[in-house]
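Chain letters run A, B, ... following the sequence lines, proteins first and then strands; every chain starts at 1.
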2 protein chains.
Amino acid sequence: MEKKGCPIPNATARRIPMYYRYLKTLEESGVERIKSKDFSKMIQIPSATIRRDFSHFGELGRSGYGYDVSFLIEVFSHILNTEVEKRIALVGVGNLGKALGRYNFKNNDHLNIVCAFDTDSEVVGEKIKDIVVEDMSCLEERIKKEGVTTAILTVPSKYSQTVADKVIAAGVTAILNFAPGRIRVPDNVKVQYIDLTTELQTLIYFDENFTSSKQINF
Amino acid sequence: MEKKGCPIPNATARRIPMYYRYLKTLEESGVERIKSKDFSKMIQIPSATIRRDFSHFGELGRSGYGYDVSFLIEVFSHILNTEVEKRIALVGVGNLGKALGRYNFKNNDHLNIVCAFDTDSEVVGEKIKDIVVEDMSCLEERIKKEGVTTAILTVPSKYSQTVADKVIAAGVTAILNFAPGRIRVPDNVKVQYIDLTTELQTLIYFDENFTSSKQINF
DNA sequence: CACTAGATGTGAAAAAGTTAACAAGAGGTG
DNA sequence: CACCTCTTGTTAACTTTTTCACATCTAGTG
């Protein structure tokens with residue numbers, strides 16, 4: 001460990017889920033050990049970055065050997081706290097909402113959408129996998145009862161602030177928002193935005209302006 | 001302009017689409033001028049960062065006045081090259097694919113999904129908005145004919161490499177990949193990944209580990 | 001068991017990105 | 001038209017992130 005009590009850098013933290021996912025894939029394929037260089041080829045992140053990232057969590061590897069896959073999984077599993085089920089609410093069951101509801105959070109059975117809400121009476125009562133879509137009026141009570149702390153918002157952007165306020169009032173502290181447009185939340189609530197249009201534009205912008213192989217994200 | 005011929009920083013480039021989107025919103029609301037400080041409140045990015053970002057494209061504002069909204073839109077529109085239609089192919093028309101196909105790239109009528117492909121005979125022939133889903137075997141010919149250079153991939157991850165190879169062979173140079181798992185592409189092809197599971201995990205990780213208001217992305 | 005090949009973890013340097021702070025200049029008012 | 005207020009654009013400091021390069025250590029071999 002580089003230093004006791006030194007906080008994990010933001011950039012490192014954002015890479016953990018990807019590390020975790022790939023390690024699970026490796027394990028499934030029966031790979032028992034991995035070297036930073038090989039892992040680097042696989043996930044397209046420089047090996048030095050990988051080693052530096054890993055080092056924040058202790059001395060996880062062995063010189064001249066590499067890393068033990070199942071041990072790494074154990075470590076990252078603990079960091080991501082996958083032992084505890086994450087109960088998630090889906091708010092807004094339009095096309096995208098339905099798709100997400102049916103989406104399989106692959107290899108992550110601790111991520112569970114446990115309730116879904118919409119205002120549209122056409123949709124309310126419908127089943128997404130094994131959960132029944134409820135009316136928004138049930139939201140607060142339901143979220144409290146289910147112990148949900150994470151919400152996925154796929155509502156039209158003009159409603160996203162109102163809906164965010166509602167789920168926060170019910171106890172949600174983490175929001176994944178698919179609507180473009182920032183929402184205002186208290187300090188203790190985290191929001192992650194996924195805006196398909198801007199992602200697409202960013203991609204096209206880089207495609208048109210950088211001929212060489214320049215990575216966009218990580 | 002800070003310096004002639006100095007390249008736009010990566011971080012700045014990634015923020016352009018968001019700037020553009022908000023400016024369009026402002027214009028729609030009839031706002032004619034905006035100060036970096038007010039814009040900052042709106043999009044939750046420090047005003048210094050905004051001014052610095054803007055400065056890369058010239059002296060866009062006026063002291064003691066702010067920025068002219070429609071002029072900024074003009075500038076960013078040009079940077080994002082919105083005058084030219086982007087013709088996009090959708091490959092994989094499952095739940096998520098359908099949702100994306102019906103998704104309205106709001107305020108961006110230059111982003112157009114012009115064809116869609118799947119292998120599933122249940123889906124082939126179906127209509128998504130006004131385009132008919134075709135069999136994968138038509139992909140190459142169609143993409144060439146339509147002049148498509150961007151593809152959205154929503155196929156199961158085990159096929160994503162094969163499909164990527166196919167669209168690239170047909171002339172695509174920008175790929176938005178929803179499947180987890182990096183794909184291998186030539187230098188001239190750009191890939192942007194959107195992995196819902198890792199986004200969700202990142203969000204939850206930050207929610208559980210950083211009580212204070214620490215931004216995850218920008 | 002000694003030796004070689006090869007990998008890790010990290011100090012130090014470089015690169016990239018952010019923020020503070022302010023000089024210069026425009027806007028608007030009386 | 002002079003003045004006060006306010007905002008930009010940018011210089012410089014600072015922070016974060018990436019990358020290099022290598023001392024140190026382990027695995028595996030003969």
Side-chain angles (χ1 to χ4, degrees), chain A residues 1-4 6-16 18-19 23 31-69 71-72 75 202 206 210 212-218, chain B residues 1-4 6-16 18-19 23 31-69 71-72 75 202 206 210 212-218:
Chain A
M1 185 105 58
E2 200 152 76
K3 220 189 236 174
K4 265 316 198 205
C6 94
I8 306 307
N10 219 297
T12 299
R14 282 201 307 264
R15 280 186 291 261
I16 298 174
M18 189 182 25
Y19 290 146
L23 289 166
V31 179
E32 288 177 358
R33 51 191 261 195
I34 185 84
K35 295 176 264 194
S36 65
K37 227 180 223 169
D38 295 344
F39 204 43
S40 165
K41 281 216 190 76
M42 187 172 185
I43 62 181
Q44 296 169 27
I45 288 185
S47 61
T49 304
I50 293 173
R51 289 201 303 281
R52 165 86 62 211
D53 281 347
F54 285 11
S55 78
H56 288 104
F57 304 104
E59 308 210 350
L60 308 183
R62 272 141 68 200
S63 302
Y65 175 94
Y67 300 87
D68 192 86
V69 172
F71 176 64
L72 281 185
V75 171
T202 303
F206 277 88
F210 301 96
S212 79
S213 68
K214 185 171 182 178
Q215 288 232 3
I216 304 175
N217 278 326
F218 347 106
Chain B
M1 186 102 59
E2 199 151 76
K3 222 188 235 172
K4 265 318 197 204
C6 95
I8 306 307
N10 219 295
T12 298
R14 282 202 305 266
R15 280 187 291 261
I16 298 174
M18 191 185 22
Y19 290 146
L23 289 166
V31 179
E32 288 177 358
R33 49 191 261 193
I34 186 83
K35 296 177 263 193
S36 64
K37 225 180 225 170
D38 295 343
F39 203 43
S40 165
K41 282 216 189 76
M42 188 171 183
I43 62 182
Q44 296 169 28
I45 289 184
S47 61
T49 303
I50 293 173
R51 289 201 301 281
R52 157 96 51 226
D53 281 348
F54 285 9
S55 79
H56 287 104
F57 305 103
E59 309 210 348
L60 308 183
R62 274 142 65 202
S63 302
Y65 174 94
Y67 300 88
D68 193 86
V69 172
F71 176 64
L72 281 185
V75 172
T202 303
F206 276 88
F210 301 96
S212 78
S213 69
K214 185 171 180 177
Q215 288 232 3
I216 303 175
N217 279 324
F218 349 103

Taking only side-chain nitrogens and oxygens of [X], does any of them come within less than 4.0 Å of OP1 or OP2 of [N]?
{"X": "A/Tyr65", "N": "C/dG9", "result": "no"}
{"X": "A/Thr49", "N": "D/dT17", "result": "no"}
{"X": "A/Ser36", "N": "C/dA7", "result": "no"}
{"X": "B/Arg15", "N": "C/dT18", "result": "yes"}
{"X": "B/Arg62", "N": "C/dG27", "result": "yes"}

For [X] and [N], give me the distance from atom [atom1] to atom [atom2], rounded to whole Å.
{"X": "B/Phe39", "N": "D/dT7", "atom1": "CZ", "atom2": "C1'", "result": "16 Å"}
{"X": "B/Lys35", "N": "D/dT8", "atom1": "NZ", "atom2": "P", "result": "8 Å"}
{"X": "A/Asp53", "N": "C/dT8", "atom1": "CG", "atom2": "P", "result": "13 Å"}
{"X": "A/Ile50", "N": "D/dT17", "atom1": "CD1", "atom2": "P", "result": "17 Å"}
{"X": "B/Ile8", "N": "C/dG17", "atom1": "CD1", "atom2": "P", "result": "12 Å"}
{"X": "A/Arg33", "N": "D/dT26", "atom1": "CZ", "atom2": "C1'", "result": "10 Å"}
{"X": "B/Glu59", "N": "D/dT7", "atom1": "CD", "atom2": "P", "result": "18 Å"}
{"X": "B/Ile34", "N": "D/dT7", "atom1": "CD1", "atom2": "C1'", "result": "13 Å"}

For residues [X] and [Y], report the shortest heavy-atom separation together with the two atoms involved.
{"X": "B/Ser40", "Y": "B/Ile45", "value": "OG-O, 2.8 Å"}
{"X": "A/Phe57", "Y": "A/Val75", "value": "CB-CG1, 4.3 Å"}
{"X": "B/Tyr19", "Y": "B/Ile43", "value": "CE2-CD1, 3.5 Å"}
{"X": "A/Asp53", "Y": "A/Thr12", "value": "OD1-OG1, 2.7 Å"}

Inset, instruction - Tell me which of A/Ser63 and B/Arg51 sits closer to the 5' end of DNA chain D, going by the nucleotide each one is nearest to. - result: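 Of the two residues, B/Arg51 wins.
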Inset, instruction - Take A/Thr12 and B/Gly61, find for each the nucleotide of DNA chain D with the closest heavy atom, and name the residue whose nucleotide sits nearer the 5' end. - result: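 Counting from the 5' end, the first nearest nucleotide belongs to B/Gly61.
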Legend entry - Parallel, tilted or perpendicular: rings of B/Phe54 and B/Phe39 (30°, 60°):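 The rings of B/Phe39 and B/Phe54 sit tilted, inter-plane angle from 30° to 60°.
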Which nucleotide in the set [options] lies at the smallest distance from any side-chain heavy atom of [X]?
{"X": "A/Ser55", "options": "C/dG9, D/dG9, D/dT19", "result": "C/dG9"}
{"X": "B/Asn10", "options": "D/dG9, C/dT18, C/dG17", "result": "C/dG17"}
{"X": "B/Tyr67", "options": "D/dG9, C/dT19, D/dG28", "result": "D/dG9"}

Inset, instruction - Give one of base, sugar-phosphate or nothing for B/Phe54, where a contact means two heavy atoms less than 4.0 Å apart. - result: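 Since no nucleic acid heavy atom lies under 4.0 Å of B/Phe54, the category is nothing.
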Inset, instruction - Spell out yes or no: do the side chain of B/Arg52 and the base of C/dT18 have one donor N/O and one acceptor N/O closer than 3.5 Å? - result: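 No, no donor-acceptor pair under 3.5 Å.
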